[in-house]
Q: 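Take a look at this one; I'll ask things after.
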Amino acid sequence: MTTLKHILCIVGTRPEGIKMAPVIQALRREPWARVTVLATAQHRDLLDQVLELFDITPDVDLDIMRANQALADLTARLIVALDEKFRALAPDAVLAQGDTTTVMAASLVAFYQRIPFGHVEAGLRTHDFDNPFPEEMNRVVAGHLSHWHFAPTGRARENLLREGIPDASIHVTGNTVIDALLQVAADKGRPHMTKPEPGKRLILVTAHRRENFGQPLRDICAAIRTLVERHADVEVLYPVHPNPNVRPVVHELLGGNPRIHLCEPLDYAPFVEAQKRAYLILTDSGGVQEEAPALGKPVLVLRLETERPEAVEEGVVKVVGTDPALIVSEASRLLDDAGAYRAMARGVSPYGDGLAAQRIAEILRRSLVPDTVPAQADSGSADSVLGNREPVKLQQ
Ligand code: UD1
Ligand code: UDP
């Protein structure tokens, strides 16, 4: 009889909830694992929505979020609170996903307490600490403090190898966002959103990055207005992030236009539905850059750089930055030129095949309880399908 291994799964923000949900579900199916879910609640409402959808109730909730939280204050409060909880819970391993302040703080506290840390979505890099800020620094810190690196793609693995991370600690698993997406996209019982009007084409927009606060966000809004003015058959759906540096600006610049629908952030299932219904997506989000290609939707990235070059190289995502003229010209090309649109709307998934979480659970089993046998069907190594940059064609 094997002693149960205690795995502490950390979630802080909306994307972490989405991308950790399949990992939590997979680990809960493992007979050797005892899973504790700790929500830092760096995001409050956005995280709660997602956890509810995936039927995950946190065992511990730090309720960290404050209105318009500053990075140093957030980091300091996270480190103190996580330190206390890790001491009390004494897990055998800590897992966290991505590049938020929650993840950086969790990796640092795990390091201080000598608890092995598993980094889900390891190895993404722009090699520019200003873009995205502060996420590039967060993932470099977490990356160098991790015991297990769950890299979504072969490119991510190469980034880690270049930084001197030992090959044996890197596992190409695919990105768990595709696991979550397939789960939610397959559920036909979810409520459906109704936009756009018949005969209209929908542009879905999201923007929340710190480096876009101020003039870049104003430029993005100006571009959206121009697009709507120039294309009578276009409607925009923009679920606005609650960040106080985003919401008032967007409402001031885009409110009151009958073809621009500003709304609260959508729950994940309706947001996936909105992506499916969209003709085109404009975003500075990381997760959306991964999901939209799998759904066959062209993406224009409202950032100067991306840590997700695979879909760009595949030709289904384009980095356009925040220059309004460039956003308008690139979006107009896709609206006006059917050939250019078809070339970007191909439905490929360079980021995963839906089995990433199962692979992560199996890697942890082999590492933590090597005497046991796998409880789940073999999901195979992702290296063969993802390590060679061959995009996966998903069944939708
Ligand atoms: C954070 C992450 C970013 C991630 C994004 C996902 C950091 C530094 N940033 O950015 O990497 O891409 O989450 O969305 O870790 N707020 C609410 N309700 C919520 C969530 C946020 O009101 O449910 C407001 C609060 O005023 C909060 C502010 O938004 O203080 C900013 O939240 P924060 O997590 O610091 O930054 P995000 O821009 O959301
Ligand atoms: N998302 C959502 N509702 C929305 C906007 C986004 O559920 O109104 C989902 C989206 O599908 C993706 C994730 O949130 O899975 C991305 O989160 P976000 O853009 O906030 O963060 P990032 O991925 O940039 O870190």
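Not measured: the values here are computed from a predicted model. All ligand and atom numbering here is 1-based and tracks the order in the structure.
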Q: So, are Glu330 and Lys318 salt-bridged, with charged N and O less than 4.0 Å apart?
A: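 Yes, Glu330 and Lys318 are salt-bridged.
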Q: Does any N or O atom in Glu291 lie less than 3.5 angstrom from one in ligand 2, N or O only?
A: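 So ligand 2 has an N or O lying under 3.5 Å from an N or O of Glu291.
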Q: Under a 4.0 Å heavy-atom cut-off, which residues neighbour ligand 1?
A: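 Heavy-atom contacts below 4.0 Å: Thr13, Pro15, Gln42, His43, Arg44, Asp45, Leu46, Met65, Arg66, Ala67, Asn68, Gln69, Leu71, Thr100, Thr101, Pro134, Glu135, His208, Arg209, Arg210, His241, Pro242, Asn243, Pro244.
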Q: Output yes when the distance from some N or O of ligand 2 to some N or O of Gly287 is under 3.5 Å, and no in every other case.
A: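 Gly287 vs ligand 2: N/O contact under 3.5 Å present.
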Q: Check ligand 2 against Gln275 and write out every atom of the ligand that is under 4.0 Å from a heavy-atom position of the residue.
A: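 Taking each heavy atom of Gln275 in turn, ligand 2 has 11 (O) under 4.0 Å.
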Q: Report yes if Asp284 has an N/O atom closer than 3.5 Å to an N/O atom of ligand 2; otherwise report no.
A: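 It does not: no N or O of Asp284 is found under 3.5 Å from an N or O of ligand 2.
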Q: Return yes if some donor-acceptor pair links the side-chain N/O of Tyr341 with the main-chain N/O of Tyr279 below 3.5 Å, else return no.
A: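 The answer is yes, because a donor-acceptor pair under 3.5 Å joins these two groups.
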Q: Of the side chain and backbone of His208, name the one, both, or neither that has a heavy atom under 4.0 Å from an atom of ligand 2.
A: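 For His208, only side-chain atoms sit under 4.0 Å from ligand 2.
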Q: Does this structure show an ion pair linking Glu84 with Arg87, if we count only N-O contacts that are shorter than 4.0 Å?
A: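 Arg87 and Glu84: not salt-bridged.
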Q: With a cut-off of under 6.0 Å to the ring centre and 45° to the axis, is Arg209 in cation-pi contact with Phe213?
A: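 That pair does not qualify as a cation-pi contact.
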Q: Hey, is Glu307 close enough to Arg139 for a salt bridge, meaning N to O under 4.0 Å?
A: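 Arg139 and Glu307: salt-bridged.
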Q: Would Glu136 and Asn131 count as having a side-chain donor-acceptor pair, cut-off 3.5 Å?
A: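 No - no donor-acceptor pair under 3.5 Å links their side chains.
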Q: Looking at ligand 2, does Glu290 have a heavy atom less than 4.0 Å from it?
A: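 Distance cut 4.0 Å: Glu290 fails for ligand 2.
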Q: Checking Trp148 against Ser367: is there a side-chain donor and acceptor pair closer than 3.5 Å?
A: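 A pair is found: one side chain offers a donor N or O, the other an acceptor, under 3.5 Å apart.
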Q: ring-ring contact (aromatic ring centres under 6.0 Å, His included): which pairs involve residues 41-84, sequence neighbours left out?
A: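 Residue pairs passing ring-ring contact (aromatic ring centres under 6.0 Å, His included), neighbours aside: His43-His241.
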Q: Which of the atoms of ligand 2 are close to Ser285, meaning less than 4.0 Å from one of its heavy atoms?
A: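 So the atoms of ligand 2 that pass are 16 (C), 18 (P), 19 (O), 22 (P), 23 (O), 24 (O).
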Q: Just jot down the side-chain contact (heavy atoms from CB on, under 4.5 Å) partners of Asp130, sequence neighbours excluded, or say none.
A: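 For Asp130 the side-chain contact (heavy atoms from CB on, under 4.5 Å) partners, ignoring immediate neighbours, are Asp128.
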Q: Return the residue, atom name and 0.1 Å-rounded distance of the protein heavy atom closest to atom 17 (O) of ligand 2.
A: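 Checking every protein heavy atom, the shortest distance to atom 17 (O) of ligand 2 gives Arg14 NE, 3.6 Å.
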Q: Please list all pairs passing the side-chain hydrogen bond (donor to acceptor under 3.5 Å, both in side chains) test where one or both residues lie in residues 50-60, with sequence neighbours left out.
A: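 Passing the test, one end in residues 50-60: no pairs.
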Q: Could you see which bit of Tyr268 sits under 4.0 Å from ligand 2, with heavy atoms only: side chain, backbone, both or neither?
A: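 Both backbone and side chain.
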Q: Which atoms of ligand 2 are found less than 4.0 Å from any heavy atom of Leu266?
A: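 Atoms satisfying the 4.0 Å criterion: 2 (C), 3 (N), 4 (C), 7 (O), 8 (O).
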Q: With heavy atoms of Ile18 as the reference, note each atom of ligand 2 found under 4.0 Å away.
A: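 Those qualifying, in numeric order: 9 (C), 13 (C), 14 (O), 15 (O).
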Q: Using a 4.0 Å cut-off to any heavy atom of Pro239, which atoms of ligand 2 qualify?
A: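 Contacts of ligand 2 toward Pro239, numbered from 1: 8 (O).
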Q: Hey, is Gln289 one of the residues with a heavy atom under 4.0 angstrom from ligand 2?
A: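 No heavy atom of Gln289 comes that close to ligand 2.
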